[in-house]
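This structure is a prediction, so every number in the text was calculated from the model and none was measured. Letters A, B, ... are given to chains in the order of the sequence lines, protein chains preceding strands, and every chain is numbered from 1.
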Amino acid sequence: MTDTTASADTLLEWYDRHRRSLPWRAPPGKRTDPYRVWLSEIMLQQTTVQAVKGYFERFLLRFPDVETLAAAPVEAVMQAWAGLGYYSRARNLHACAQVVTSQHGGHFPADETALLALPGIGAYTAGAVGAIAFDLPAVAVDGNVERVLSRLVALEEPLPRAKSTIRKIALSLLPPKRSGDFAQALMDLGATICTPRKPACALCPWSPPCRSRREGTAETFPRKEAKKQGALRRGAAFVVLRGDDHVLLRDRPPRGLLGGMAEPPGTEWSAGFDPDAATAAAPLDASWRRLGGNVRHVFTHFPLELTVYRAEVPAGTPAPAGSRWQARALLGQEALPTVMRKVLAHADIEGI
DNA sequence: TAGACGTGGCT
DNA sequence: TAGCCAAGTCT
């Protein structure tokens with residue numbers, strides 16, 4: 001029989017045969033400990049399954065339950081998280097464990113709204129924990145689900161605007177039972193069949209009802225709002241090479257763009273920057289040479305064009321306040337962002 | 001609400 | 001290979 005209407009049953013039948021076995025998943029038919037569901041969902045935010053597996057198991061050995069996690073010093077939590085990225089997740093994880101312990105008697109609330117109120121839990125995670133751990137009638141709309149459902153109906157509305165529409169579609173498909181399996185089935189489908197590129201439509205249980213598959217446009221969904229590229233910003237960077245083969249560096253403020261990263265001194269970056277007046281902002285008096293060409297870099301929200309100045313100073317020249325010398329041979333050990341490595345390469349200091 | 005926030009893998 | 005992407009949240 002061929003279904004021309006997408007149904008949760010069709011998807012769940014597929015899931016029962018093809019579900020992935022993952023460390024945080026209970027065997028078929030069993031419900032998972034909410035602590036494990038929650039921990040895995042936080043770790044999986046913007047992070048691949050492969051990267052999470054090892055962390056999840058090590059974390060669980062060290063912090064087997066929410067009370068143990070809550071009682072641990074935050075430094076221990078950060079250490080266990082080190083390397084996973086997005087470290088505010090780890091701080092919120094710890095804070096959340098403390099709230100669950102002190103305000104919910106050590107049990108995660110079986111209520112989507114109450115889950116949503118906890119630190120580090122947003123709309124997606126509240127739905128995922130609610131459905132998977134408590135079988136609440138909730139949907140978990142992540143990037144996978146956005147892709148699957150926007151393709152299913154060939155949704156022209158672009159993300160992120162389409163989020164509320166997609167959520168409604170998910171709710172309209174939500175089965176009366178097995179909401180947790182439904183959530184995981186949707187994600188498995190997105191991760192293994194309805195992939196961003198080259199979706200395996202021939203293997204998809206929802207191929208018959210899928211409008212974009214029918215129209216041959218599956219891979220073009222979801223539509224996305226054209227990311228408006230910010231206005232060009234320009235600035236100058238000053239590369240100083242000292243006689244004993246040291247380069248002048250400074251550290252960026254801990255917060256914000258490239259927070260805490262190292263860089264050669266430079267000007268502010270702005271739309272109205274005048275390269276010809278740049279040397280007024282040089283970190284020290286020297287015979288500055290403006291290098292030909294410039295360094296271009298595109299950040300998430302704006303393109304940057306840097307004019308590079310270079311100077312040589314004698315060995316023994318002290319570093320100006322707020323900056324320091326680093327041996328050229330040790331630049332590889334510095335926390336230099338790509339754009340700054342481009343600057344150093346442009347000044348023939350370092351290969352990228 | 002647009003922007004910040006990390007990292008590793010893939011093309 | 002530099003850029004894009006991956007189970008988002010917070011401000």
Can you list the steps and then say if A:Arg223 with A:Leu159 is a side chain to side chain contact (heavy atoms under 4.5 Å, CB included)? CA-CA 6 Å; A:Arg223 302 283 193 248; A:Leu159 288 171; over 6 Å; no
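Atom name P, nucleotides B:dT1 and C:dA6: the rounded distance is 24 Å, in whole Å. Remark: the separation of the P atoms in C:dT11 and B:dG6 is 13 Å, to the nearest Å. Going from the P atom of C:dA7 to that of B:dA2 covers 22 Å, rounded to whole Å.
Between the C1' atom of B:dT7 and the CH2 atom of A:Trp81 lies a distance of 13 Å, rounded to the nearest Å. Remark: P of C:dC5 and CE of A:Met187 are 20 Å apart, rounded to the nearest angstrom. In this entry the distance linking NZ of A:Lys224 with C1' of C:dC5 reads 8 Å, nearest Å. Atom-to-atom, CD of A:Gln184 to P of C:dA7 comes out at 14 Å; the value is rounded to the nearest Å. Atom CG in A:Leu118 sits roughly 12 Å away from atom P in C:dT9 (whole-Å rounding). If you take CZ of A:Arg91 and P of B:dG6, they are 10 Å apart, rounded to a whole angstrom. In this structure, CZ of A:Arg89 is placed 11 Å from P of B:dT7, rounded to the nearest angstrom. With rounding to whole Å, A:Lys163 atom NZ is found 13 Å from B:dT1 atom C1'.
Between atom OH of residue A:Tyr87 and atom CG of residue A:Leu93 there is a gap of 14.0 Å, rounded to the nearest 0.5 Å. The distance from the CZ atom of A:Arg147 to the CZ atom of A:Phe221 is 14.0 Å, given to the nearest 0.5 Å.
Residue A:Gln45 places none of its side-chain N or O atoms closer than 4.0 Å to OP1 or OP2 of C:dG8. One finds a side-chain N or O of A:Thr125 lying less than 4.0 angstrom from the OP1 or OP2 phosphate oxygen of C:dT9. The side chain of A:Tyr86 places no N or O atom within less than 4.0 Å of a non-bridging phosphate oxygen (OP1 or OP2) of B:dA4.
Salt bridge annotation for A:Arg197-A:Glu219: absent, with no cationic side-chain nitrogen under 4.0 angstrom from a carboxylate oxygen.
With hydrogens and angles ignored, a donor-acceptor pair under 3.5 angstrom links the side chain of A:Arg20 to the base of C:dA7. For A:Thr47 and B:dG6, a side-chain-to-base donor-acceptor distance below 3.5 Å is present, hydrogens and geometry of angles not being considered.
Each of A:Asn92 and A:Val49 was matched to the nucleotide of DNA chain C holding its nearest heavy atom; the match closer to the 5' end belongs to A:Val49. Comparing A:Gln46 and A:Pro160 by the nucleotide of DNA chain B whose heavy atom lies nearest to each, the residue mapping closer to the 5' end is A:Pro160.
Side-chain proximity of A:Pro196 to C:dG8, C:dC10, C:dC5: nearest is C:dC5.
Cation-pi geometry between A:Arg234 and A:Trp269 is not satisfied (NZ or CZ under 6.0 Å from the ring centre, within 45° of the ring normal). For the pair A:Arg58 and A:Tyr55, the cation-pi test (distance below 6.0 Å, angle within 45°) is passed.
Annotation: A:Arg289, atom CZ; neighbour count of heavy atoms from other residues, nucleotides and ligands within 6.0 Å does not exceed 12. Taking a 6.0 Å sphere around NE2 of A:His107, one finds it holds 12 or fewer heavy atoms contributed by other residues, nucleotides or ligands.
The residue A:Ala128 sits apart from the nucleic acid: no heavy atom pair falls under 4.0 Å. In this structure, A:Trp24 reaches the bases: a heavy-atom distance under 4.0 Å links it to at least one base atom across the strands shown. Within 4.0 Å of A:Leu84, counting heavy atoms only, lies at least one base atom of the nucleic acid. A:Leu186 comes within contact range of no nucleotide atom at all, as no heavy-atom separation falls under 4.0 Å.
Exactly one of A:Val145, A:Asp142, A:Val141 qualifies for a side-chain contact (heavy atoms from CB on, under 4.5 Å) with A:Tyr124. That residue is A:Asp142.
In summary, the side chains of A:Arg25 and A:Gln184 do present a donor paired with an acceptor at a separation below 3.5 Å, with no hydrogens or angles considered.
Within residues 141-157 of chain A, the residues that have a heavy atom under 4.0 Å from DNA chain C are, in order of number, A:Asp142, A:Gly143, A:Asn144, A:Arg147.
Using a 30° and 60° split on the angle between ring planes, A:Phe108 and A:Trp38 fall in the tilted class, from 30° to 60°.
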For nucleotides 8-11 of chain B, list the nitrogen or oxygen atoms of the protein found under 3.5 Å from its nitrogen or oxygen atoms, one pair per line.
none

